[in-house]
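Worksheet: one structure, shown below.
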Number of protein chains: 2
Amino acid sequence: MSEKITIVEIAKLANVSTATVSRIINNTGKVNNDKRKKVLDLIEQYDYKPNLIAKALQSSKSNTVGFIVPHINSPYYAQLFFETELIAQKQGYTLMLCNSESDKRLESNILNAFISANVRAIVFMGGRLDDVESKKKYLSEIEEVNKKIPVISCVDVPNLGCIQIYQEQQKSSNKLLKHLSEMGYRDVAMLGGYSNVRTTIKRREEILDNAEKYGISIRREIIESDYSVEGGNIAMQEMLKCDKLPQAIICINDLVATGVLSEAYKNNMSIPKDIAIVGYDNLDISQFIYPGITTIACNYKEYSKAIVDAIQNVDAMDYNTKIAVQTDLIVRGTTQLEK
Amino acid sequence: MSEKITIVEIAKLANVSTATVSRIINNTGKVNNDKRKKVLDLIEQYDYKPNLIAKALQSSKSNTVGFIVPHINSPYYAQLFFETELIAQKQGYTLMLCNSESDKRLESNILNAFISANVRAIVFMGGRLDDVESKKKYLSEIEEVNKKIPVISCVDVPNLGCIQIYQEQQKSSNKLLKHLSEMGYRDVAMLGGYSNVRTTIKRREEILDNAEKYGISIRREIIESDYSVEGGNIAMQEMLKCDKLPQAIICINDLVATGVLSEAYKNNMSIPKDIAIVGYDNLDISQFIYPGITTIACNYKEYSKAIVDAIQNVDAMDYNTKIAVQTDLIVRGTTQLEK
DNA sequence: TTGAAAGCGGTACCAC
DNA sequence: GTGGTACCGCTTTCAA
């Protein structure tokens, strides 16, 4: 390994002090033009790169942001992370991503790593924060962390003292119900997700609370499942045992919807004639899998922008800032026959 | 924000030197038991966390590993990253993930960030390294980086002086051809991917070079596409314009295969009766989307393990170490009717 | 404009 | 066993 060159060497070679080199690199303070040129040349020549660790130590501020997601191999988190990283990168931030597996010990390790790494902010996407059973104690742990390092929660958690940025659900639920109603689906079931997950509860509530005014009746019994395609497969198998199938199924997300769709094909059903299917998130695949999944879309770009904005302005923001990112209904082939 | 407590404060409070506290924290050297207990109590009480930045500065070694992927929202990279992170985390590493978008400037920024952050190693997944047209100049830049920080390439690049870990393709290609032959598919087309991508070229070559001995003829013309479901949609639309369809299509990956399958459904085709479909990678979805995609599977766990092993033993490894991770054929409904 | 020097929070060598 | 202290690479104040 070749030795890394430091600011001291550059300074020596240029016959100036490290202070001057520092000024040149960071464009702070005035420096004689000849010296500037000489130093810049040397930097070029020796391919000098400032040691960000030293910089971070001295300024007690790094340009790193910590991300905790339950599973990055879930396309929803991947998409959101991806968009966020694109924006954050342009602002000079580097993101550290860790998978918590929603596991207490893992998450705790990650938090410590982030604190020790002096990250600018910690962004929490789902996981234990999304668990309605998470104890007061846990929430106050998060608040403790928030005292040292700004925490941004991507889940709407009541009474949690940190910045929260999450998806708006009400308007789009109404749009969805209106759409289903117009298409003539009156007997509708919900499927997938677990009843201890905040985001899931919220989605269900918005549907349940508003269905009546659109003349839609929602089946009381919800077949639960995890949030994967496989979950959709299994839940749909269960659903198919019903005496009378609903006219439409609202799935907890697009992956589950994909699984439901797939299982429907397996049983030679025609979509949406035999049954209509709806998802949430608007993953890439939802658009391209036949016949296209009708979905309540996450506005990934807006969401990511809000996150990065929060990271940048975190010091000026109130601990209890809540930001709801707009969502929208996207109608595709699983609810509406192509013309 | 509450002030972070440092080793100096702990030392003062315990009436010992920082050296002693350091010894206790790191379990290096002997320390009187009373003092140890006192210090440990203080650490607990004040929730002291050593500043990893300072540690990294002083040891000129961090526990961070840099990952560069073209798109984390590609499920293949997401899956591989996920598995790697799980293992790496257990070994005490934190991974930094950046999306290069295969863009020269972005990638360059990322590399600088990684170098400045003093990462233990840099893992390259695809991207520009996978571009067969990447200039000698680019490769020697990578080798330059490799002199400062160990680089691990997940692409098999001839004449590149760094550790390389990639998927074995030959055996599984033969297995695939054997399977297709046994199922009676003689007229086979390849679809998807671009001809400037090393991994793609390799996959195609292995098929082309071995088809004959299994009595299979591969169509000369390859319809290209990007590596997404949409790419599969579009390529399949093109394919359907053929006078005579092939009996089977080998797609460049599972996403493309999903797109092809979807387009086939759209055209009321029956799979695999009308046409058989094969993919690569074995994504989660391939198993659960009806009727299940036959695929050449990446062994994610083994692959990830090899990567983490390399990170740990990088200093002892030869610059030119090449490791081929085994792949395997998984037969599903797109080539074989369910019994 | 410029440089000397004091840290940032640890680690580790050396002396006691 | 233990403490003093130089040092990791950089920024920033202060004085010149």
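Below, all heavy atoms of this structure are taken into account, side chains as well, without hydrogens, waters or symmetry copies. Each chain gets a letter, A, B and so on, in the order its sequence line appears, and its residues count up from 1.
Screening residues 76-88 of chain B for salt bridge (Lys or Arg N to Asp or Glu O under 4.0 Å), with sequence neighbours left out, gives B:Glu83-B:Lys301. Within the structure, the side-chain hydrogen bond (donor to acceptor under 3.5 Å, both in side chains) test picks out the following pairs touching residues 149-161 of chain A (sequence neighbours left out): A:Asp156-A:Lys322. The salt bridge (Lys or Arg N to Asp or Glu O under 4.0 Å) analysis of residues 50-78 of chain B, with sequence neighbours excluded, yields the pairs B:Lys61-B:Asp315.
Using a 4.0 Å cut-off between a side-chain N of Lys or Arg and a carboxylate O of Asp or Glu, B:Glu302 and B:Lys305 do not qualify as a salt bridge. Ionic pairing of A:Asp47 and B:Lys148 is present here: one or more N-O contacts between side-chain nitrogen and carboxylate oxygen are shorter than 4.0 angstrom.
Side chain of A:Asn313 to main chain of A:Ala316: no donor-acceptor pair is present (N/O by atom type, distance under 3.5 Å, no hydrogens or angles).
Between B:Ile43 atom CD1 and B:Leu13 atom CG the span is 11.0 Å, to the nearest 0.5 Å. Taken to the nearest 0.5 Å, the CD1 atom of A:Ile149 stands 11.5 Å off from the CZ atom of A:Arg120. Rounding to the nearest 0.5 angstrom, the gap separating the CG atom in A:Leu139 from the SG atom in A:Cys162 is 9.0 Å. For the atom pair A:Leu160 CG and A:Ser140 OG, the distance stands at 10.0 Å (nearest 0.5 Å).
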Sequence neighbours excluded and cut-off under 3.5 Å, please list the side-chain donor-acceptor pairs for residues 27-37 of chain B, or say none.
from	atom 1	to	atom 2	distance (Å)
B:Asn32	OD1	B:Asp34	N	2.6
B:Asn32	OD1	B:Lys35	N	3.2
B:Lys37	NZ	B:Asp41	OD2	2.8

Pairs of donor and acceptor atoms involving the side chains of residues 104-114 of chain A, under 3.5 Å and at least two apart or interchain, shall be tabulated with distances.
from	atom 1	to	atom 2	distance (Å)
A:Glu107	OE1	A:Tyr138	OH	3.3
A:Glu107	OE2	A:Tyr138	OH	2.5
A:Asn112	OD1	B:Lys49	NZ	3.2

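Interface limits on DNA chain C: the 5'-most and 3'-most nucleotides within less than 4.0 Å of chain B heavy atoms are C:dG9 to C:dC13. Heavy-atom contacts of chain B under 4.0 Å fall on DNA chain D between two terminal nucleotides, which in 5' to 3' order are D:dG1 to D:dG9.
Below 30°, between 30° and 60°, or above 60°: for B:His71 and A:Phe82 the angle between ring planes is between 30° and 60°, a tilted geometry. Taking the six-membered ring where tryptophan is involved, the planes of B:Tyr76 and B:Tyr300 are tilted, since the angle between them lies from 30° to 60°.
With B:Val151 as the partner, the side-chain contact (heavy atoms from CB on, under 4.5 Å) test is satisfied by one option alone out of B:Val314, B:Ile163, B:Val145: B:Val145.
In this structure the side chain of B:Leu52 never reaches within 4.5 angstrom of the side chain of B:Thr64, judged on heavy atoms.
Annotation: proximity of residues 55-62 of chain A to DNA chain C (heavy atom, distance under 4.0 Å) is found for A:Leu57, A:Gln58, numbered in ascending order. Contact check of residues 12-21 of chain A against DNA chain D (heavy atom, cut-off under 4.0 Å) returns A:Thr18, A:Ala19. For DNA chain C, the residues of residues 33-53 of chain A within the heavy-atom distance limit of 4.0 Å (strictly under) are A:Lys35, sorted by number.
Remark: B:Lys136 pairs with no residue by the salt bridge (Lys or Arg N to Asp or Glu O under 4.0 Å) rule, at least two apart or across chains.
Between the axis at the start and the axis at the end of the helix from C:dT1-D:dA16 to C:dC16-D:dG1 there is an angle of 40°, using five pairs per end and rounding to 10 degrees.
Comparing B:Ala54 and B:Arg23 against DNA chain C, the residue whose closest nucleotide sits nearer the 5' end is B:Ala54.
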